[in-house]
2 protein chains.
Amino acid sequence: MSTGQETTGGEVEPWDEVTPDAARRLLVAAVEAFAERGYHATTTRDIAGRAGMSPAALYIHYKTKEELLHRISRIGHDRALDILRTAARREGAAAERLADAVSSFVRWHAGRRTTARVVQYELDALGPEARAEIVALRRQVDAEVRGIIEDGVASGEFDVIDVKGTTLAVLSLCIDVARWFTVDGPRTPEEVGALYADLVLRMVGAK
Amino acid sequence: MSTGQETTGGEVEPWDEVTPDAARRLLVAAVEAFAERGYHATTTRDIAGRAGMSPAALYIHYKTKEELLHRISRIGHDRALDILRTAARREGAAAERLADAVSSFVRWHAGRRTTARVVQYELDALGPEARAEIVALRRQVDAEVRGIIEDGVASGEFDVIDVKGTTLAVLSLCIDVARWFTVDGPRTPEEVGALYADLVLRMVGAK
DNA sequence: GCCGAAGGTGAGCGCTCGCTTAGCATGGCT
DNA sequence: AGCCATGCTAAGCGAGCGCTCACCTTCGGC
């Protein structure tokens, strides 16, 4: 049921933009630690230890522990938004674009689950101004998906009563993948992506 | 689209079972604090303060802070399982039972959001043996929903390719309500329940 | 061969954490 | 009246937290 060509969904490590090397190692270590134990349960000594450095080294590259979370959250949301934008702005019917958006978004949440977990569940640990910046990005994420659904409704492809509520549900379904997905589980990110794209097309009454 | 009579979905405070009164006040205070800031970010001083008591009072009624979380998680999961069981075992077609299960489960996650948040997102803060107990309850939750979907497939009411995957997605959709729902938002728990019941019936290809 | 910038470390400061202990008030039972 | 079980508090212990500081090492430019 409706795949066609798809945009790639976050299979590469996207931390190349973080330099120098030591700063990137610290950030990757922080992603792992935050994903495993949560922001508040993670100590700066744990992050530094995972990166093979002393606790003090962290403060050469980052002002505070919260700045680490902020950087991770910012880069992660940029990536998520990029994935959805790519799918939303390609050529094709609304059904194809929605299926592509969902499957690549889900593949990112499953395949890069540690990052997604931090991005989606540690928002409240940020201070007010950093959180406001991230919330703005989330609104753009919502707008991309809502745009595709509105297109489908306008063209008669979809049958949706509550566009805002359905958009919320679609994103909610995708995001929760970061909560339950495990690499030891029976499904690959690609399989979950395909299943969820199918389920979402049913939700919007495609065809 | 398919409502009919519904089971009540967690609109009452379910902490009557916790006695004595001081222990219940502490537990309610802990639910609020854990839901707002997360288990690890919550201090025992904060919990005791919300309950109008000194920090030491907590340890008269609970051995550790973790025991508080364990009790909350246990009672919450019992309640969630009870809601789904009631819906699953009533009379009626699979579509009605599934709609009832989803709408009451969602109403609980939205209406009693603080409890649901702790129950669904603080599982990892429990120790191994407590977590194992809760995980067993979650498997029963999954089995109830899967049972309804299997019934619908067997009777020809539903059109589902991947029953296990669809069950997971349905529960995932409901659970994530605890993450995004707010009382300040534009929707009531009842409205979200009705919308989600409709979306889930579409997901299983009902009728 | 010398120097300063960049990047690192060991030690530790001030603070807050979960939890304990000694002791005080209350109230039902004898 | 005397007594002790129950429920609570004030004070504080040991540990671990985020973060800092004085100092060390490495290395390209002259």
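Both backbone and side-chain heavy atoms feed into the values below; hydrogens, waters and symmetry mates do not. A note on names: the letters A, B, ... follow the listed sequences, proteins ahead of strands, and every chain is numbered from 1. Bear in mind the structure is a predicted one, so any value in this text is a computation, not a measurement.
- Separation of atoms CZ (A/Arg113) and OG1 (A/Thr182) is listed at 5.0 Å; rounding is to 0.5 Å.
- Look at B/Arg85 and B/Asp82 and you find no salt bridge, because none of the NZ, NE, NH1 or NH2 atoms lies under 4.0 Å from a carboxylate O.
- Protein chain A contacts DNA chain C from C/dG8 to C/dG12, reading 5' to 3' and using non-hydrogen atoms of the protein with a distance under 4.0 Å.
- Few gaps surround CZ on A/Arg187; more than 12 heavy atoms of other groups in view lie less than 6.0 Å from it.
- Separation of atoms NE2 (A/His61) and CG (A/Leu27) is listed at 11.5 Å; rounding is to 0.5 Å.
- Using a 4.0 Å cut-off between charged nitrogen and carboxylate oxygen, A/Asp100 and A/Arg90 count as a salt-bridge pair.
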- Message: I'd like to know whether B/Thr115 forms a side chain to side chain donor-acceptor pair (under 3.5 Å) with B/Arg112, so could you lay out the CA-CA distance, the side-chain angles of the two residues, the decisive distance to 0.1 Å, and finally the verdict.
- Response: CA-CA 6 Å; B/Thr115 305; B/Arg112 305 219 27 84; 3.3 Å; yes
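- Within residues 29-40 of chain A, no residue has any heavy atom under 4.0 Å from DNA chain D.
- Within residues 45-62 of chain A, the residues approaching DNA chain D are A/Arg45, A/Ala56, A/Tyr59, by heavy-atom distance under 4.0 Å.
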- Begin with the C-alpha distance, continue with both residues' side-chain angles, and end with the deciding distance and a verdict on side chain to side chain donor-acceptor pair (under 3.5 Å) for B/His109 and B/Gln120. CA-CA 10 Å; B/His109 277 83; B/Gln120 300 295 1; 3.0 Å; yes
- When you look at A/Ser104 and A/Arg107, which way does the side chain to side chain donor-acceptor pair (under 3.5 Å) test go after all the steps? CA-CA 5 Å; A/Ser104 51; A/Arg107 284 203 308 278; 5.1 Å; no
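- Residue B/Arg131 qualifies as enclosed at atom CZ: its count of foreign heavy atoms under 6.0 Å is above 12.
- Salt-bridge formation is detected for the pair A/Asp21/A/Arg24: a Lys NZ or Arg NE/NH1/NH2 atom is positioned less than 4.0 Å from an Asp or Glu carboxylate oxygen.
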